[in-house]
Participant: 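Sharing a structure below in structure tokens format, with a few things to ask.
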Amino acid sequence: MRDEFGTSDARDTLAGELAGTLLAWYDRHARDLPWRVPPGSNHAPDPYRIWLSEVMLQQTTVAAVKTYFERFTTLWPRVTDLAEAEDDRVMAEWAGLGYYARARNLLKCARTVARDLGGTFPDSEEGLLALPGIGPYTAAAISAIAFDRPAVVLDGNVERVMARLHDIHDPLPGSKMTLKARAEALTPQHRPGDYAQAVMDLGATICTPRSPACGICPWRDPCVARDRGTQAELPKKTPKKAKPIRQGIAYVGRTPSGDWLLEKRPDSGLLGGMLGWPGTAWAEASQDHAPPLPANWRDTGAEARHTFTHFHLRLAVQVAVIDPGQIPGDSALRLVPAQDFRPSDLPTVMRKAFDLGRTAFDS
DNA sequence: AAACCGGGGAG
DNA sequence: CTCCCAGGTTT
């Protein structure tokens with residue numbers, strides 16, 4: 001068989017050499033991560049820990065994930081432990097990590113594995129893909145890392161490495177299939193789990209988005225973009241839309257005895273299932289004030305600023321000492337006693353609003 | 001196919 | 001401040 005790259009055998013040999021070079025680099029430079037089994041170790045990874053880390057790592061940096069991973073695995077060492085945890089407890093522990101649908105799907109997935117699968121994770125991509133919160137990337141990653149299967153792992157790191165290695169200028173996300181084909185051609189049958197982690201480590205530590213360290217890259221010689229000097233502009237991406245500015249009001253209320261007035265947000269939508277301060281809707285145009293209950297609300301003059309995935313928010317903070325008797329019975333409002341209240345249980349924007357509101361109470 | 005989902009770090 | 005980064009689900 002012959003094509004523009006020469007014989008398929010020659011292509012396989014080249015691919016094998018590239019994988020070998022990378023694995024040799026990984027053996028010396030693998031990062032020490034709490035969920036990782038170091039190369040050369042003779043014990044198998046725990047699929048539960050690999051799954052948990054991969055879900056936490058979706059759209060999230062290693063630095064941010066570390067403390068959350070340690071906390072979750074200490075509280076819930078096995079998937080069956082997590083499956084038995086209470087929803088609110090898990091949401092509170094996830095607070096600050098973002099993309100809260102991940103936490104809801106995490107619990108759904110743990111309960112499915114515990115109840116329907118005897119506490120054992122599927123070892124195939126297909127089986128994993130059927131579980132909540134596990135998409136193509138995560139299914140491939142778990143299959144490769146936890147079960148040493150030759151799955152094609154394609155995350156943002158691998159996309160960037162492939163685009164540069166092969167000097168592909170077509171913009172993402174349109175070029176995804178091209179990049180996946182390149183990644184597939186390089187995936188080895190020997191040590192595919194270590195290989196998958198090696199490519200992602202390469203992208204995270206050497207082949208970085210800005211100022212890649214080409215001088216110390218194990219793939220420096222075969223890298224076409226490096227040869228042509230185009231590495232800094234790859235991968236190209238289709239331009240993103242500008243984020244509008246939305247505004248709203250958060251009402252930070254406290255009873256005379258020090259209980260805080262909080263609200264459990266609906267399970268779906270922005271910050272779904274999380275605790276927060278009651279307030280107006282967040283819209284681009286300013287709107288009517290609508291306090292959750294009658295009280296002497298006072299504008300603090302302070303604004304919590306926060307950026308979500310698709311808009312910037314400016315949240316004005318008002319405070320009041322409230323009367324518990326004014327709370328409507330049928331609302332999502334709840335009083336949280338001072339000794340039970342932890343700001344760290346709130347999503348970041350609500351924690352910012354609390355910091356401003358507390359300052360106003362104290363002054 | 002496009003919109004909806006947070007947060008942190010670099011510059 | 002402004003950019004830049006990065007998977008899954010829902011519609």
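Order of the sequence lines fixes the chain letters, A, B, ..., with proteins taken first and strands second; residue numbering starts at 1 for each chain.
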Participant: Distance check: side-chain N/O of A:Lys237 vs OP1/OP2 of C:dA6, anything under 4.0 Å?
Facilitator: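 So the side-chain polar atoms of A:Lys237 do come within 4.0 Å of the phosphate oxygens OP1 or OP2 of C:dA6, strictly under.
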
Participant: More 5' along DNA chain B: A:Arg210 or A:Tyr100, using each one's nearest nucleotide?
Facilitator: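 The residue mapped nearer the 5' terminus is A:Tyr100.
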
Participant: Report yes or no: is the cationic atom of A:Arg265 (NZ for Lys, CZ for Arg) closer than 6.0 Å to the six-membered ring centre of A:Trp282, at no more than 45° off its axis?
Facilitator: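 Output yes; distance and angle both within limits.
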
Participant: Specify the separation, in whole Å, of atom CD of A:Gln59 and atom P of B:dA3.
Facilitator: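 These atoms are roughly 17 Å apart.
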
Participant: May I have the distance from A:Leu97 (atom CG) to B:dC5 (atom P), rounded to whole angstrom?
Facilitator: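 Result: 18 Å.
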
Participant: Which nucleotide in the set B:dA3, C:dC4, C:dG8 lies at the smallest distance from any side-chain heavy atom of A:Lys240?
Facilitator: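 In terms of side-chain proximity for A:Lys240, the closest of B:dA3, C:dC4, C:dG8 is C:dC4.
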
Participant: Please determine, by modelled atom types, if A:Gln58 and A:Arg102 share a side-chain donor-acceptor pair under 3.5 angstrom.
Facilitator: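 Judged by distance alone, the side chains do not pair up.
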
Participant: Please check the phosphate of B:dG7 (OP1 and OP2 only) for any side-chain N or O of A:His306 closer than 4.0 Å.
Facilitator: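 For A:His306, the contact criterion (side-chain N or O under 4.0 Å from OP1 or OP2 of B:dG7) is met.
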
Participant: Applying a 4.0 Å non-hydrogen cut-off, can you work out what A:Lys176 is touching in the nucleic acid: base, sugar-phosphate, or nothing?
Facilitator: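 No contact at all - A:Lys176 keeps every heavy atom at 4.0 Å or more from the nucleic acid.
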
Participant: Ring centroid separation for A:His310 and A:Phe308, is it under 6.0 angstrom?
Facilitator: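 For A:His310 and A:Phe308, the ring centres are not under 6.0 Å apart.
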
Participant: Mark yes or no for whether A:Thr73, through its side chain, and A:Glu70, through its backbone, hold a donor-acceptor pair below 3.5 Å.
Facilitator: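 At least one qualifying donor-acceptor pair exists.
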
Participant: Starting at atom CG of A:Leu346, determine the distance to atom P of B:dG7, rounded to an integer number of angstrom.
Facilitator: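 Answer to the nearest Å: 11 Å.
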
Participant: If only side-chain N and O atoms of A:His310 are considered, is one of them under 4.0 Å from the OP1 or OP2 phosphate oxygen of B:dA3?
Facilitator: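 A:His310 to B:dA3 OP1/OP2: no side-chain N or O under 4.0 Å.
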
Participant: Between A:Met274 (CE) and B:dG6 (C1'), how many Å, whole number?
Facilitator: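 Nearest whole value for this atom pair: 11 Å.
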
Participant: Assign the ring pair A:Trp277 / A:Phe354 to parallel, tilted or perpendicular, where the plane angle (0 to 90°) is split at 30° and 60°.
Facilitator: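 It falls in the parallel class, under 30°.
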
Participant: Would you indicate, yes or no, if B:dG9 has its OP1 or OP2 atom less than 4.0 angstrom from a side-chain nitrogen or oxygen of A:Thr61?
Facilitator: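 False: A:Thr61 side-chain N/O out of range (4.0 Å or more) of B:dG9 OP1/OP2.
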
Participant: Roughly, in whole Å, what's the span from CG in A:Asp267 to C1' in C:dT10?
Facilitator: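 After rounding, the reported distance stands at 15 Å.
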
Participant: Okay, side chain of A:Arg182, backbone of A:Ala163: is any donor-acceptor separation there less than 3.5 Å?
Facilitator: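 No; judged by distance alone, with no hydrogens or angles, the pair does not exist.
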
Participant: If you assign A:Lys241 and A:Leu271 each to the DNA chain B nucleotide with the nearest heavy atom, which residue ends up on the more 5' nucleotide?
Facilitator: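 Result: A:Lys241.
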
Participant: The side chain of A:Phe308 lies closest to which of these nucleotides: B:dG7, B:dC5, C:dC4?
Facilitator: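 So the nucleotide nearest the side chain must be B:dG7.
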
Participant: What is the distance, to the nearest angstrom, from the CG atom on A:Leu131 to the C1' atom on C:dG7?
Facilitator: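 So the two atoms are 16 Å apart, to the nearest Å.
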
Participant: Could you give the distance separating C:dC5 and B:dC5 at their C1' atoms, to the nearest angstrom?
Facilitator: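 Looking at atom C1' only, B:dC5 and C:dC5 are 15 Å apart.
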
Participant: Tell me whether the side-chain N/O atoms of A:Tyr99 come closer than 4.0 Å to OP1 or OP2 in C:dA6.
Facilitator: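 Checking A:Tyr99 against C:dA6: no side-chain N or O falls below 4.0 Å of OP1 or OP2.
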
Participant: Using a heavy-atom cut-off of 4.0 Å across all strands, would you classify A:Leu57 as base, sugar-phosphate, or nothing?
Facilitator: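 The residue A:Leu57 makes no contact with any strand.
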
Participant: For C:dC5, does either OP1 or OP2 sit under 4.0 Å from a side-chain N or O belonging to A:Arg160?
Facilitator: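 Answer is no, no contact under 4.0 Å.
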
Participant: Which value, in whole Å, describes the distance between the C1' atoms of nucleotides C:dT9 and B:dG8?
Facilitator: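 So the two C1' atoms sit 23 Å from each other.
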
Participant: Could you check whether A:Lys352 pairs with A:Asp355 (Lys NZ or Arg NE/NH1/NH2 to Asp/Glu carboxylate O, under 4.0 Å)?
Facilitator: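 Looking at A:Lys352 and A:Asp355, the cut-off is not met.
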
Participant: Ignoring backbone atoms, test whether A:Thr309 places a side-chain nitrogen or oxygen under 4.0 Å from the OP1 or OP2 oxygen of B:dC4.
Facilitator: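 No, because none of the side-chain N or O atoms of A:Thr309 sits under 4.0 Å from OP1 or OP2 of B:dC4.
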
Participant: I want to verify a distance call: between C:dC4, C:dG7, B:dG8, whose nearest atom is closest to the A:Thr138 side chain?
Facilitator: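 For the A:Thr138 side chain, the nearest candidate turns out to be C:dG7.
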
Participant: With a 4.0 Å cut-off on heavy atoms, is A:Ser268 in touch with a base, just the backbone sugar-phosphate, or nothing at all?
Facilitator: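 No contact.
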
Participant: Go through B:dG11, B:dG6, C:dA6 for me and flag the one nearest to the A:Leu270 side chain.
Facilitator: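 Among B:dG11, B:dG6, C:dA6, the one nearest the side chain of A:Leu270 is B:dG6.
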
Participant: How is A:Gly272 classified with respect to the nucleic acid when contacts are heavy atoms under 4.0 Å: base, sugar-phosphate, or nothing?
Facilitator: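 If one applies the 4.0 Å heavy-atom cut-off, A:Gly272 turns out to touch nothing in the nucleic acid.
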
Participant: Could you give the distance separating B:dG11 and C:dA6 at their P atoms, to the nearest angstrom?
Facilitator: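 The same atom, P, in both gives a distance of 15 Å.
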
Participant: For A:Met177 and B:dA1, what is the distance between atoms CE and C1' respectively, to the nearest whole Å?
Facilitator: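 Taking CE of A:Met177 and C1' of B:dA1, I get 14 Å after rounding.
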
Participant: Specify the separation, in whole Å, of atom CG of A:Asn105 and atom P of B:dG6.
Facilitator: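 Whole-Å distance recorded here is 12 Å.
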
Participant: State which of C:dC5, B:dA10, B:dG6 makes the closest approach to the side chain of A:Pro209.
Facilitator: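 Nearest nucleotide to the side chain: C:dC5.
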
Participant: Please determine, for the side chain of A:Gln58, which listed nucleotide (C:dG8, C:dC4, B:dG6) has the closest atom?
Facilitator: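 Of the options given, the side chain of A:Gln58 lies nearest C:dG8.
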
